[in-house]
Amino acid sequence: MATGDQNPSAVITEDAPAGVVVREGEYGASLTTVEPGGAEFIPLHERHGRPIQLFWTWTSPNLEFATVFVGVLAVAAFALSFWQAVLAIVIGSGIGAITQGILSARGPSHGVPQMVLSRLGFGYWGNAFPAGLNAVTAGIGWFAVNSVSGTFALNTLTHLPKPLCLLIIVVAQVVIAFFGHNIVQLFERYAFPVLAVIFVIATIVILTKSSPGAPSHGGGSGGFLLAAGAAFGYAVGWNPYAADYTRYFPPDTSKRAIALWSGLGLFLSCAILEIAGAASATITGVGAALGDPTGAFTGHLPTVLADLTLLAIALGAVAANVLNIYSGALSFTAMGIKLPLALRRAIVALVFGVIGFILALTGLNGASTKYENFLLIIAYWIAPWLAVVFCDQYLRRRTPLGEIEVMLFDRRHTNWAGPVAMIAGMALSIWLFSNQTEYVGVVPSHVSAVGDLTFEVGFVVTAVIYLTWHAITDRRQAPAAAAA
């Protein structure tokens with residue numbers, strides 16, 4: 001049965017479940033075709049790929065300086081010792097990697113992007129809230145952050161003007177993202193060995209020169225929670241993209257293998273480079289580490305390795321941002337806004353590239369503080385979103401797949417428990433526990449030792465509201481359904 005979300009260009013095919021909107025056009029494994037459509041179902045005859053490719057899909061985009069800088073912040077900004085920073089990094093990255101694996105495993109069964117799956121917990125129109133947030137933070141926010149990182153590296157390496165370096169980085173990113181899924185996966189695959197070799201060697205050199213026994217600067221429990229939150233914010237920032245890169249797999253692909261390669265790639269790349277960043281911050285002063293982070297990091301390396309590392313930082317920024325702009329565009333189309341173009345995703349990617357370029361220009365100064373705030377804000381909304389997604393997945397664990405597929409594209413599907421719980425969880429946790437330069441919540445303003453508990457509190461509050469809402473409404477609906 002067709003749903004109200006269909007349009008003339010969306011055709012139900014024989015290899016798709018009844019009642020879903022299918023991505024139009026032929027794409028398959030082509031490398032020369034611009035990926036058509038937007039956030040629609042991927043028909044079964046177009047499915048391809050293997051779980052192991054997720055390892056480099058989630059390793060390559062983290063082999064860049066934005067990852068390194070999370071570790072720098074742990075020591076230089078949050079005043080932790082090296083070993084305290086390592087523990088915070090492992091905890092934050094580990095949690096984000098676990099959730100990444102769980103979310104990625106759902107892609108093949110449903111054949112849709114992560115933010116379309118989000119409609120289950122938020123309803124069709126209620127999902128416009130998290131999908132819109134992700135479109136902005138991914139396609140514009142993260143895009144700008146990583147573009148600035150790549151720009152600094154390219155500028156240091158070539159001494160070209162920063163605006164020109166930024167333009168070069170942005171054009172490369174947008175072109176790859178414009179062509180779509182297959183070219184994105186191919187780029188990540190071939191960028192991986194280059195980035196891995198350079199960054200592993202650079203990390204070893206940095207660790208040999210570092211002072212891991214140096215004492216902390218008084219960060220305490222508050223600094224630890226801030227560092228863990230920043231590491232979590234960086235890793236979990238990929239969660240709203242998870243199914244975007246597994247939806248092309250055949251439905252019978254091993255979920256365990258998908259979860260393993262996704263989580264492992266994300267964890268290893270984040271943890272290793274963030275630890276390298278923390279180690280580098282023990283070598284130089286706080287002012288140098290935060291004032292010129294790229295130069296301070298590469299300044300500890302031999303000249304040839306330093307130049308290669310700068311090149312890798314620029315390449316890594318591109319590897320990260322092709323995912324950001326690709327998934328940002330998918331999230332925008334998942335908001336339910338009708339764009340009757342065969343290349344709707346590609347056109348949105350171009351628009352995001354232009355906006356991200358303009359935003360990045362304004363971020364070439366004062367990048368460290370802006371980045372610290374951005375990492376925390378990411379966690380502020382993604383943690384409550386995750387609470388809704390996981391709670392809803394638990395409640396629907398016995399629901400037949402066919403019923404779920406129809407709900408994903410039914411404009412009449414409502415679930416106001418999701419947006420209400422998420423907004424309430426965000427509002428309460430930010431008001432009480434936010435701890436960043438733009439706003440300090442009620443609790444840390446009086447007790448600085450608590451650090452920033454916003455994402456933990458936001459997750460718990462949202463989960464409690466969502467589960468309570470459904471416990472009440474489901475109990476009320478049960479007698480009515482039995483009587484019918």
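Source: prediction; values computed, not measured. For reference, positions follow the sequence shown, starting with 1. Any value given below was found using the heavy atoms of this structure, including those in side chains, with hydrogens, waters and symmetry copies removed.
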(request) Please report the C-alpha distance between Trp58 and Leu323 in whole Å, then the side-chain angles of each, then the deciding distance to 0.1 Å, and finally whether the side chain to side chain contact (heavy atoms under 4.5 Å, CB included) criterion is met. (result) CA-CA 10 Å; Trp58 295 116; Leu323 299 190; 3.8 Å; yes
(request) Using the test side-chain contact (heavy atoms from CB on, under 4.5 Å), find all partners of Ala257 that sit at least two apart in sequence or belong to another chain. (result) Pro51, Ser254, Trp261
(request) Report the residues that fulfil ring-ring contact (aromatic ring centres under 6.0 Å, His included) with Phe267, sequence neighbours left out, ordered by chain and then residue number. (result) none
(request) Mind checking ring-ring contact (aromatic ring centres under 6.0 Å, His included) for His181 and listing every partner two or more places apart, or none if nothing turns up? (result) Tyr248
(message) Does Phe192 have more than 12 heavy atoms from other residues, nucleotides or ligands lying within 6.0 Å of its CZ?
(response) yes
(request) Mind jotting down which residue pairs meet the salt bridge (charged side-chain N to carboxylate O under 4.0 Å, His left out) criterion with at least one end in residues 251-268? Sequence neighbours excluded, please. (result) none
(request) Kindly confirm or rule out a cation-pi arrangement of Arg247 over Tyr241, judged by NZ or CZ under 6.0 Å from the six-membered ring centre and within 45° of its axis? (result) no
(request) In sequence, state the C-alpha distance, the side-chain angles, and the governing distance for Glu26 and Thr33, and then conclude on side chain to side chain contact (heavy atoms under 4.5 Å, CB included). (result) CA-CA 9 Å; Glu26 292 294 323; Thr33 305; over 6 Å; no
(request) Given side chain to side chain contact (heavy atoms under 4.5 Å, CB included), test Val72 with Phe297 step by step and report yes or no. (result) CA-CA 9 Å; Val72 173; Phe297 182 79; 5.7 Å; no
(message) With a 3.5 Å distance limit and no angle check, can you tell me whether Arg47 reaches the backbone of Phe249 through a side-chain donor-acceptor pair?
(response) yes
(request) Taking salt bridge (charged side-chain N to carboxylate O under 4.0 Å, His left out) as the test, write out the residues that go with Arg50, two or more places apart. (result) none
(request) Looking only at non-hydrogen atoms, find the nearest pair between Ala85 and Ala278 and report the distance. (result) CB-CB, 4.0 Å
(message) Suppose we screen for side-chain contact (heavy atoms from CB on, under 4.5 Å). Which residues come up paired with Ala421, at least two apart in sequence or across chains?
(response) Thr462, Ile465, Tyr466
(message) Between Phe152 and Phe65, is the ring centroid distance below 6.0 Å?
(response) no
(message) Keeping Ser118 on the side-chain end and Gln114 on the backbone end, is there a donor-acceptor pair under 3.5 Å?
(response) no
(request) For the residue pair Tyr234 and Trp238, categorise the inter-ring angle as parallel (less than 30°), tilted (30 to 60°) or perpendicular (more than 60°). (result) perpendicular
(message) If we count only N and O atoms by modelled type, under 3.5 Å, do the side chains of Ser262 and Tyr245 hold a donor and an acceptor together?
(response) no
(message) Quick check on Tyr439: does its OH atom have over 12 non-hydrogen neighbours (other residues, nucleotides or ligands) under 6.0 Å away?
(response) yes
